[in-house]
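The chain is numbered in sequence order, starting from 1. Just so it is clear, the model here is predicted, and its values are computed rather than measured.
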Amino acid sequence: MKNPKNRLITYISMVFFISFQTINSQSITCNTIPCIQNAMANAQPGDEIIIEKGTYTFTNEDKIPGAFGRNAYLHSSKNGKSTDRIILRGKSPSERPVIQGVNYDDGYLLGLEGNYWTIQDIEFKTGSKGVILDNADYTMLIGLEIHDVGEEALHFRHGTTNSVADNCFIHDTGRNSDKTDFGEGVYIGSDRSVHNLAYNDTETYCPDWKRKQGRCGRFYNPSVNNITVKNSRIGPNVTAEHFDVREGTCQIFIEGNTLDAKGMILKDFQDSFIDLKGSYCHVRNNTFNQNSEPSIKKAIQVLDRDEGNGLIQATARNNAIHDNIFNMDDTDTPLFTFFRKGSDDDFLNYTYDNTRNPEGLIYKSGSDFVENTEPTFSIITCPDEGNQDSTLSTGDFTKNDISFSIVPNPAKEILTISSQKSIENVSIYTLQGQKMDVTFSKKSNSLTVSHLASGMYIAWIKTSNGVGTQLFTKQ
C-alpha cells in the first residue's frame, strides 16, 4: 500500500503543476517586433498574442531560423492544445497590422511548426515566401492578406493536416523575377522529388541540383491531408497556379473561392488556375475569372504523377470538380484536362454541374480517366507515405453533402441554420476550442446567442449526411 504522505505530496504537486500551467496562459499585446517574436517563441497553450495596428518593418537583423534551415521573420514551433489554442491576431480586423519583410529573395514572412494555432487578421508582405506551415496540424488561418512575395504566398507542407484557410486575400506573388514559376497562390504538399526521400538518395528523379545541395535523403513527409481553403480571393497577379495541389496529398477542399487570372505569367507548365495531382479532393462552388489573361490554356489540370513506378500512392484519383462557375474569354479554352502518365490503376475523376460562360469546350482532346457524373465516397483512408496516421472519415462526397448557411452573420440574438439535409445537432465553440452553453432547437433550426460575448465563434453542425463547421461573428 502506498504511503498516504507520498500520495498527498503527489496530489499537491499535481495541483501546483496545473496551477502553473494556468498561470502561464496569458494575453500579450505587442507593438514591437521583439515582443511578437518572443511571444511566439515562448507561447504556451491558451496564449493570445495581440498585435497593435501599424506597419512592422523588419530588417535583415530581425530574421530568425525557421524550418529546414531557412530564415523567417516570424516563427514558432510551440504547440497549443485542442482545448487551448495559441492565437496570434491583429487587434482590429478593420485595421490589420502589417508584417513587412526586406525583399523577395530571403525570409519567410511567417513559418509555423506547431499544432493548434489560430492566425487571424494580419497582413503579410515583401518576403521570399508568405505563410509556410510545416507539421502544423489543426491550424486556422482567418482573414489574412498575403501579397508581394518572391515565390508562393501560402504553403501547407511537410505533414500538415486538418488545417483551414478562410476569408483570406492572396495576390501579387512571384515577385522574384527569376522565380515567377514558383509564384503559386496556395501550394498544398510538395513535388515528388522531396517525398519521403528515403529512396531519393538513389532514385534518378531527385534532380542533380538538389543532390548537390544535399537535399536528397533528407526526410520530408508528403502526407498533407484534410486541408480546406474557402471563401477566399486568389489573384490578381498570381504568376503561377492559383492552387497547386501536389501528388501525395489527400482530401483537399477548395470551396467558395474567387480566382482572378489577371497577371499570370506563362512559363514552363504554369497555365491553369488549378494543377490538381492529389486524391479525394473537392473543387466546388468556386468562381473562376479569366479576365483576358492569355496565359490560361485550361482552367483545371488533373495529372497523374506516378508514372507506373508505384512510388506515389495518392495522385490524381477520385477527385470531384463540381458546382463551379467558369467565366472564360472564349469558347475554345478547355475547362479540364485529365492525363494518366503511367499508372495502370483503374481509378476515375469526376466533373459535374459546372457552368461555363460562354458555352464551349469542356475537355481537352485526349483527356482520360474522367466521368461526367456524381460520385459517392463514404470512408476515405488517405495513403500514409509519411509514416503518420492519416485515416480520416467523412460523410459522402456528394453534391451539397453538408451544405448549409448561417443567418444572420454577424448575429446579435438568434442564429438560424438552413440546410438541404436534416440538421441533427449544433454546437458552438470559441476559437480556443471551449464549448459554449447553447441549446439548439430542431423545430426552428435556431439557437440563442445573445448571452455570448462579442467575437468570432465556430458553429459545429451535424446533418444527416455529415459534419461541417462554419465561422460566425457575435456582435
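- Taking NE2 from H155 and CG from L133, the interatomic distance works out to 9.0 Å, rounded to the nearest 0.5 Å.
- Counting only distance, with no hydrogens or angles, the side chain of T160 and the backbone of D137 share no donor-acceptor pair below 3.5 Å.
- By the 4.0 Å N-to-carboxylate-O rule, K277 lies close enough to D244 to be salt-bridged with it.
- Atom CG of N115 is separated from atom OG1 of T139 by 7.0 Å, given to the nearest 0.5 angstrom.
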As a quick check of understanding, evaluate side-chain contact (heavy atoms from CB on, under 4.5 Å) for N226 and F253, giving each step before the final call.
CA-CA 7 Å; N226 203 24; F253 298 88; 3.6 Å; yes

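- Distance alone, capped at 3.5 Å, is enough to place a donor-acceptor pair between the N349 side chain and the A316 backbone.
- At least one donor-acceptor pair under 3.5 Å links the side chain of D329 to the backbone N or O of S292.
- At a cut-off of 3.5 Å, with distance as the only test, a side-chain donor of N318 or Y280 sits close to an acceptor on the other residue.
- Looking at heavy atoms from C-beta onward, E247 lies in side-chain contact with D191 at the 4.5 angstrom threshold.
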Let me see the working for H282 and H322 under side-chain contact (heavy atoms from CB on, under 4.5 Å), right down to the final yes or no.
CA-CA 8 Å; H282 260 200; H322 61 97; 3.5 Å; yes

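- Between the side chain of N289 and the backbone N or O of N291 there is no donor-acceptor pair closer than 3.5 Å.
- Under the 4.5 Å side-chain criterion, counting only non-hydrogen atoms from C-beta, L154 is not in contact with C168.
- Between G185 and V238, the closest heavy-atom pair is N-CG1, 3.5 Å.
- Other residues, nucleotides and ligands contribute over 12 non-hydrogen atoms within 6.0 Å of the OH atom of Y56.
- Contact annotation: the side chain of F156 approaches that of S163 to within less than 4.5 Å [non-hydrogen atoms, C-beta and beyond].
- The CG atom of N103 sits 12.5 Å away from atom CG of D148, with the distance rounded to the nearest 0.5 Å.
- In terms of modelled atom types and a separation under 3.5 Å, the side chain of D330 and the main chain of T333 share a donor-acceptor contact.
- Shortest non-hydrogen contact noted between I122 and R96 is N-CD, 4.0 Å.
- A heavy-atom distance below 4.5 Å is found between the side chains of I254 and V245.
- A side-chain donor-acceptor contact under 3.5 Å links S232 to the backbone of K230.
- Looking only at distances, no side-chain donor or acceptor of D106 sits under 3.5 Å from a matching main-chain atom of N71.
- Remark: Q301 CD to F338 CZ distance equals 10.0 Å, nearest 0.5 Å.
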Atom pairs and distances, donor-acceptor, side-chain atoms in residues 176-183, under 3.5 Å, two or more places apart:
| residue | atom | partner | partner atom | Å |
| --- | --- | --- | --- | --- |
| N176 | OD1 | D178 | N | 3.0 |
| N176 | ND2 | D105 | OD1 | 3.3 |
| K179 | NZ | E151 | OE2 | 3.3 |

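- The minimum heavy-atom distance linking F58 with V102 is given by the pair O-CG2, 3.5 Å.
- When every heavy atom of T315 is checked against every heavy atom of S279, the shortest pair comes out as N-OG, 3.1 Å.
- Among all heavy-atom pairs drawn from A67 and R157, the shortest one is CB-NH2, 4.2 Å.
- Using a 4.5 Å heavy-atom cutoff, the side chains of K63 and Y73 are in contact.
- V149 places none of its side-chain heavy atoms less than 4.5 Å from the side chain of F124.
- Between the side chains of N285 and D323, not a single donor N or O lies within less than 3.5 Å of an accepting N or O.
- Within the structure, every pair that satisfies the salt bridge (Lys or Arg N to Asp or Glu O under 4.0 Å) test and touches residues 292-302, not counting sequence neighbours, is listed here: D271-K298.
- A distance-only check finds no donor-acceptor pair linking the side chain of T249 to the backbone of N225 [under 3.5 Å].
- When atom types are taken as modelled, the side chain of D62 and the backbone of N60 share no donor-acceptor pair closer than 3.5 angstrom.
- We find the OG-CD1 distance between S76 and I86 to be 6.0 Å, quoted to the nearest 0.5 Å.
- Minimum heavy-atom separation, L112 to A136: O-CB, 3.8 Å.
- With a 4.5 Å cut-off on side-chain heavy atoms, T126 and R175 do not count as touching.
- With F326 as the aromatic partner, R356 does not meet the cation-pi criteria of under 6.0 angstrom to the ring centre and within 45 degrees of the ring axis.
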Would you check, one step at a time, whether the test side-chain contact (heavy atoms from CB on, under 4.5 Å) holds for T351 with V370?
CA-CA 7 Å; T351 66; V370 60; 4.2 Å; yes

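- A side-chain donor-acceptor contact under 3.5 Å links N286 and N324.
- Side chain to side chain, E113 and N135 fail the donor-acceptor criterion of an N or O pair below 3.5 Å.
- By the side chain to side chain contact (heavy atoms under 4.5 Å, CB included) test, E95 pairs with K53, S92, sequence neighbours left out.
- With hydrogens and angles ignored, the 3.5 Å screen pairs no side-chain donor or acceptor of E359 with any backbone N or O of T331.
- When side chains are defined from C-beta on, M40 does not count as touching K78, because their heavy atoms never get closer than 4.5 Å.
- Here the two cysteines C35 and C30 have their SG atoms closer than 2.5 angstrom.
- The aromatic rings of F273 and H242 lie tilted to each other, with the angle between the two planes from 30° to 60°.
- Going from atom CD1 of I325 over to atom CG of L259 covers 12.5 Å, rounded to the nearest 0.5 Å.
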Check step by step if side-chain contact (heavy atoms from CB on, under 4.5 Å) holds for R246 and Y187.
CA-CA 8 Å; R246 303 302 305 194; Y187 201 167; 3.1 Å; yes

